[in-house]
Amino acid sequence: GDKVKQSPSALSLQEGTNSALRCNFSIAATTVQWFLQNPRGSLINLFYLVPGTKENGRLKSAFDSKESYSTLHIRDAQLEDSGTYFCAAEGGFASALTFGSGTKVIPCLP
Amino acid sequence: GPKVLQIPSHQIIDMGQMVTLNCDPVSNHLYFYWYKQILGQQMEFLVNFYNGKVMEKSKLFKDQFSVERPDGSYFTLKIQPTALEDSAVYFCASSLGLGAETLYFGSGTRLTVL
């Protein structure tokens, strides 16, 4: 099965609302990275996490290694938050990052 | 932030030909990686490279694949010969250390094998 399970697979983004993305790990994840892949395909680094939480503007992320999950919260969503969000964990195959299958965030037009 | 450059952004070649994908990693980074992404799906680890040698590789890193970084120039992924299933976006990444270090990714090279 998936070593990094991401949910939801897709999300409609309404401006001004809050959203939560989650990754569950079946590997012994030691660190987690979150990326945003924009519509052009580029991967943008959002967070690098050891167990704990980090906040950057409207984004906040947490990683709980004991319970084997990580979350990404988007506050006051904007259209530029659209794209596909990937989490990736270190701790599976040697030192390689194991990626989730992504959460596609799509703008919801009023 | 730190930038990893990949050249070219797109490459179209005929099946059976050789292709070389080039990556210019972050200047002081020591560890280099290639990942493969098919059609916007999840990224799959191919290989990592340090001090002139492959450190780890996955099952996706077929015998037709090779990597090198001659004299600190581009970090390259060569596929010879190419197959139709090699069509994908290939992402290069680099990091300062191994383990507990942020990976920085390039913007990818879209390879189409006809």
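The chains referred to below are lettered A, B, ... by the order of the sequence lines, with proteins before strands, and numbering in each begins at 1.
Counting heavy atoms of neighbouring residues, nucleotides and ligands inside a 6.0 Å radius, atom CZ of B/Arg69 exceeds 12 of them. Taking a 6.0 Å sphere around NZ of B/Lys62, one finds it holds more than 12 heavy atoms contributed by other residues, nucleotides or ligands. Around CZ of B/Phe65, the count of heavy atoms belonging to other residues, nucleotides or ligands within 6.0 Å exceeds 12. Within 6.0 Å of atom CG in B/Leu114, more than 12 heavy atoms from other residues, nucleotides or ligands are found, so the atom counts as buried in its surroundings.
Side-chain N or O atoms of B/Tyr35 include one that pairs as donor or acceptor with a backbone N or O of A/Leu97 at under 3.5 Å.
Grouping the Ile, Leu, Val, Met, Phe, Trp and Tyr side chains by contacts below 4.5 angstrom, directly or via other members, places B/Tyr33 with B/Met55. Put simply, B/Tyr104 and B/Met43 are part of two different groups of oily side chains (I, L, V, M, F, W, Y) that touch within less than 4.5 Å, one to the next. In this structure, B/Leu21 is a member of the same hydrophobic cluster as B/Leu60, with clusters built from ILVMFWY side-chain heavy atoms closer than 4.5 Å. Under a hydrophobic clustering in which Ile, Leu, Val, Met, Phe, Trp and Tyr are joined whenever their side-chain heavy atoms come within less than 4.5 Å, directly or via other members, B/Ile12 and B/Val89 fall into different clusters. Residues A/Phe86 and B/Tyr90 do not share a hydrophobic cluster, clusters being chains of Ile/Leu/Val/Met/Phe/Trp/Tyr side chains in contact below 4.5 Å.
Neither the backbone nor the side chain of A/Thr30 has a heavy atom closer than 4.5 Å to any heavy atom of chain B. Only the side chain of B/Gln37 comes within contact range of chain A, with heavy atoms under 4.5 Å apart. Only the side chain of B/Phe91 comes within less than 4.5 Å of a heavy atom in chain A; its backbone stays farther off.
Scanning residues 36-45 of chain A against chain B with a 4.5 Å non-hydrogen threshold yields A/Gln37, A/Gly41, A/Ser42, A/Leu43, A/Asn45, sorted by number. By a heavy-atom distance cut of under 4.5 Å, not one residue of residues 51-60 of chain A is near chain B.
In plain terms, the two heavy atoms of A/Gln33 and B/Leu103 that are nearest each other are OE1-N, 3.0 Å.
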